[in-house]
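Single-structure report; data block below.
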Amino acid sequence: MVSLNKKRKVFDIMIFLLPSLFGLIVFQLIPFGYSFFLSLTDWDVLGDINFIGLTNYLNLIKSEEFWRVLWNTLYYMIIYIPGILIVSLGLASLLNKRLSGIKFYRVIFYIPVLTSWVAAALLWKWLLSPYYGPINEIVNLFGMNGPSWLYDKNWAMPGIVLASIWKDMGFFGLIFLSALKSINPTYYEAAKIDGASNINKFFNITLPLISPTMLFVIIISIINSFQLFPQVMIMTEGGPHGSTEVMVERIYKYAFDYYKMGYASAFSWILFVFILITTIIQLKLQKKWVHYES
Amino acid sequence: MFKKVLLLSVVVLFVLSIGFAKPVTIQFMTFSASGDSVKYFEEMKEVFETKNPDIKVDVQSVGFEDYFTKLMTVIAGKNAPDTFELNYENFYTYAKKGILLDLEQQIESSGFEKSNINEMALKAFKLEGEQYGLPFSFSNVVLFYNKDLFDKAGVAYPTKDWDWEDEQNAAEKISALGPMTFGIFQPIQFWEFYKIVKQNGGNLFNEDRTEFTLDTKENIETLQFMVDRVLESNVMPNDAQLAGMGDWDLFLSGRLGMLVTGTWAFPTFISDCDFDWDIAVEPGNTQKATHFFSNGLVVSKNTEHPEEAFKWIEFLSASREVAKIRIDSGWELPAVTYEDILSDYVSQTPPENRKAVFDSLDYLVTPPVINQFAEMADIVTRYLEKAKYGELSPKEALTEAQRELSKKIELE
Amino acid sequence: MNHKRKALSKKIFFYLMISVLSFFILLPFFWMVSTSLKESKALTSIPIQWIPENVTTEAYVTLFNVFPFARSIFNSVFIAFAGTFISVLSAAMAAFVFAKIEFRGREILFGFFLATMMIPGNLVMIPNYLILRSLNLIDTYTGVLLPGFFNAFGTFLLRQNMKSLSDSYIEAAFMDGASRLRIFFRIVLPLVKPALTTVTVLIFMGNWNAYLWPLIVLTSKEKMTLTVGLSLLNGQHGTDYNMLMAGAIISIIPMIIVYGLAQKHIEGGLSVGGLK
């Protein structure tokens, strides 16, 4: 009986995992392995493949550019991640209320996610414009001098963060919303009876119960941030003078504009390692704050 | 009797198989069949297929931004299209790396008439003496100006004899018309830079292109001239003043006196300008220098149908039908020499001074094509930007650019 | 009486605030709509012209001439539906294993799944193209859809949700002799309905907007998807923004519909844990 169960279990696992494994091996692992091989060559896509060992990696680490774009990406993340967490969770809480017409507003807040970056970037360029834009006008109302945003090398990236939060809040808001909806209302009822305040309820019930989803959002937004690309390309094209140049943009350029696929592959691999390490750290830390109910 | 029937049927089948020979399909990848131009391509394809009933063309359009990504991917996957389009800057690399078919043999066997094509354009697509591509279009860059603004500022229109000083004077008078009005716009980036330095006797390289010569006195003067327009006299808007508005749109809004841009702007300006405008040859300083751009048609080295492929690109490049379609639609100039077609082009207005397009050819400068072209362009642009923002002086910017280029770019 | 008034004014304040927020959120969208109704003239002008000078639908009309627009919408619908079905089913099945069926090496395998999300997409594009080519699947819908069998994002999100399900339900069903397949379809999936709906919607949108991969794989004009078709609007020397925005708006509409329809399913899920 026991061995039959075990065989059954193995069989079930195979069936459930088969489709994903197929895609994983054929379209992820094999190409990824091939790209590692490419990173050890000087392939220019059009010609021959010549093995050059770790030269690409060495050149990469020695280059000023690599560290600059790494720093730019980290600068983005430091501002973006806390920002998007707070905003999208706040948004989800707002949209969680049982008021009539709330569904309508949920759709509205999702529309930025659907908007093309071309349109969004043009609009944000105007919003952040030091001369014509409303944001600086509002800042000036408070007696401060608005920065040059996208034309100032220190303020360009924060500008991009603002635009990104605007665009992504509906996406993560949706994810948080479904997590909020999954919370058993009896928890809140019990807390109400105990006389708990709203703030209490939030920190002691809501947050712990949605912590698995929160982990998900943190990891996904970290991964996405490392791969920041379209908004930078359209809003600042990496400027002003390289202060918004990020890794994926450089990888793309090396692969398809400079005919340096080998170097681009090495670059991607290093990027991958960074993301991997950061994610592993997150996963290790989760024991401290993530609660899985069962 | 039976034998006769058999013989007859064999003959009939033989004849039929020739008559109903399966048409050859050749692929053609292009970035020019985008937006409005799609219908013109359909026309060209129809004319060609009617003239050549045993050839079918499969036109694959790709947007320009992703064109090379796709092209490189399919080439890497050994699935290159039979024929495709390349702009001049990329042509060199593709030819050098052996992707393209040497067209000399086809040229001979098909009796291709070289004199029908603009000599300079044809030469542009040669590599080491062999023809690897045929020019599809060519265009150059001229000085556009807003006649109404010139009238308002009381400045005489640009002429062929203008130099930088004349241009600057006019720009200042026009800028003075109002805070939102500017005298001139000429982007401070690599493409403009390599040409405009030549107007001052400068150059990016030495004679035989074995060394970079970025930090010469002439080049520094040139960059100073360009940057002063923004930072000193502000006759040219800085990025913040532009706020994301396109330079063409600035011109169309009637707030820009002069604009240096390509002749491909004609259709847009013709339909959307509600003021009088015209063009002139770009002013130089110690001499004139103007841009020359061209898009070419090439055949993949591994094509299975070299003859048919050549017929198609020959048709696109040199036929009267295509040339006429191009002229009538206001598209970029075909690189042909047919007198009647060219005079048709010149006689169309606006702009009145279309002759300037051909006058500019006397001073043309081709893009400095090298293997690491894109990398070089990006590096130079980055330093030009620093100068544009006032972070570095022109001298510092060019010196540092020189240093980085010498380190990163290999010149043969 | 006071209590009711307080509640009412709270409500009004809420609606006011959320409406003001919505207005700002939608500004770029307004620009898109406005631009799509403009003539082809000076579309990036500053100061922004919110109301078109001459409202015209020429952008929309011309779109149909630039490429087989209607056909491309159909293609996008097909790929989005088929791709979403494949991905969601496959991801849910894998998530079930990662959440509820233990085996040695499970976490390591899950780590591999996660790791793939960190691979920059354009890096694996060329090897994937080579693989498709060797399978002779270039310019086929199969080729476009095949990689969709693996979806780390969906697997991850569903695994997080399934992990929170109480084991007692599953164990009880097991005792009753139910197969894992049955448990999966009858118990687990309904319990994660909000997350499942979310994943379906998000994957659908991802497939609808998929760009680079269909661009590379498909060459026939009739097979082109909407996003690929819209990219044809960017030419060597500039883009027709009004047509691009018109196309983008048409592209958004199905997604808004899907999102709107999904709303009630996000609500309706049974509570996690099933204490009842």
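Just so we're on the same page: letters track the sequence lines, and every chain starts at 1.
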For each of [options], tally heavy-atom pairs with chain C at distances under 4.5 Å, and name the one with the top tally.
options                               : value
A:Pro134, A:Pro31, A:Gly170           : A:Pro31
A:Ile175, A:Leu271, A:Leu99           : A:Leu99
A:Thr115, A:Leu174, A:Ile15, A:Val10  : A:Leu174
A:Tyr110, A:Phe229, A:Phe22, A:Tyr252 : A:Tyr110

* Asked: Can you tell which of C:Leu89, C:Leu181, C:Val201 has the highest number of heavy-atom pairs within less than 4.5 Å of chain A?
  ->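 Of the candidates given, the most pairs with chain A belong to C:Leu181.
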* **Best-contacting candidate, C:Met125, C:Met17, C:Glu102, C:Arg106, against chain A by heavy atom pairs under 4.5 angstrom** =>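 Looking at each option in turn, the highest pair count goes to C:Glu102.
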* Qualifying residues under side-chain contact (heavy atoms from CB on, under 4.5 Å), relative to C:Ser251, sequence neighbours excluded ->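 Only C:Trp208, C:Asn209, C:Leu226 meet the side-chain contact (heavy atoms from CB on, under 4.5 Å) criterion with C:Ser251.
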Less than 4.5 Å to any heavy atom of chain C: does that hold for the side chain of [X], its backbone, both, or neither?
X        : value
A:Ile280 : neither
A:Leu180 : neither
A:Leu94  : both
A:Ala255 : neither
A:Ile223 : side chain
A:Leu123 : side chain
A:Ser100 : both
A:Ile220 : side chain
A:Lys125 : neither
A:Ile30  : side chain

* Residue pair A:Ser265, A:Tyr254: steps toward the side chain to side chain donor-acceptor pair (under 3.5 Å) verdict -> CA-CA 9 Å; A:Ser265 303; A:Tyr254 278 107; over 6 Å; no
* To do: Sequence neighbours left out, what pairs pass side chain to side chain donor-acceptor pair (under 3.5 Å) with at least one residue falling in residues 18-28 of chain C?
  =>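 Qualifying pairs: A:Tyr105-C:Ser19.
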* To do: Establish, yes or no, whether the cationic atom of A:Lys97 lies under 6.0 Å from the six-membered ring centre of C:Phe14 and within 45° of the ring axis.
  =>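 Output yes; distance and angle both within limits.
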* First locate atom CD1 of A:Ile183, then atom CG of A:Asn96, and finally report the distance between them rounded to the nearest 0.5 Å. =>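 Reported to 0.5 Å precision, the distance equals 8.0 Å.
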* **Gap separating the CG atom of A:Leu228 from the CD atom of A:Gln231, nearest 0.5 angstrom** =>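 A:Leu228 atom CG to A:Gln231 atom CD measures 4.5 Å (nearest 0.5 Å).
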Step through it carefully: locate the ring centre of [X], locate the ring centre of [Y], and say whether they are under 6.0 Å apart.
X        : Y        : value
A:Phe216 : C:Phe153 : yes
A:Trp269 : A:Phe36  : yes
C:Phe156 : C:Phe98  : no

* Examine whether an atom of C:Met117 lies under 4.5 Å from a heavy atom of chain A, and if so say whether it belongs to the side chain, the backbone or both; otherwise answer neither. =>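 For C:Met117, backbone and side chain are both near chain A.
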* Asked: Less than 4.0 Å between a side-chain N and a carboxylate O, is that true for C:Glu107 and C:Lys163?
  ->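 Result for this pair is no, no salt bridge flagged.
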